[in-house]
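Structure first, commentary second.
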Amino acid sequence: MTKPLPLVRFRPFTAPVLFVCTAVGALVLAGIAMLTLLPLLLAGAVVLAWAALAVLLAWAGIEGMAALERWFENDPRFQR
């Protein structure tokens, strides 16, 4: 037969102090994790914004060239 595990017992004053320290430690670790991930999230947002800008500029360039081609085809100065 195995021995039962001994229970960890704290004095009445130390238990609330231990809980408060644990809660503060958890908040500090969560804050550090957020501060670590925040630059990565911002960098990802910047990359997505640049990609969207590149797509929009490419689309605008294609539309501009198509408009220029229509103008060349319809303008009598270019009908030679």
Side-chain angles (χ1 to χ4, degrees):
M1 208 185 227
T2 61
K3 276 167 65 175
L5 293 174
L7 293 175
V8 178
R9 296 187 185 266
F10 297 106
R11 288 182 285 166
F13 177 71
T14 57
V17 172
L18 182 65
F19 291 141
V20 168
C21 290
T22 303
V24 169
L27 288 174
V28 168
L29 287 178
I32 289 172
M34 279 197 210
L35 287 176
T36 302
L37 293 177
L38 189 62
L40 296 176
L41 293 174
L42 288 175
V46 168
V47 167
L48 287 176
W50 277 104
L53 180 67
V55 167
L56 286 176
L57 284 175
W59 175 71
I62 291 170
E63 288 292 324
M65 287 189 296
L68 189 63
E69 181 184 7
R70 286 191 300 272
W71 178 58
F72 284 158
E73 289 175 353
N74 295 330
D75 197 319
R77 291 178 287 183
F78 298 107
Q79 302 291 326
R80 291 186 187 179

Which atom names give the shortest non-hydrogen contact between Thr22 and Leu18, and what distance separates them? OG1-O, 2.8 Å

Shared hydrophobic cluster for Leu35 and Leu27 (ILVMFWY, side-chain gaps under 4.5 Å): no

Filter on side chain to side chain donor-acceptor pair (under 3.5 Å), then keep only pairs touching residues 57-76, sequence neighbours left out; what's left? Trp71-Asp75, Asp75-Arg77

Do Met34 and Leu29 share a hydrophobic cluster, counting only Ile, Leu, Val, Met, Phe, Trp and Tyr and linking them when any side-chain heavy atoms are less than 4.5 Å apart? no

Just jot down the ring pair (Phe, Tyr, Trp, His ring centres under 6.0 Å) partners of Phe19, sequence neighbours excluded, or say none. none

Per-pair distances, 0.1 Å, donor-acceptor, side chain in residues 38-46, under 3.5 Å, sequence neighbours excluded:
none

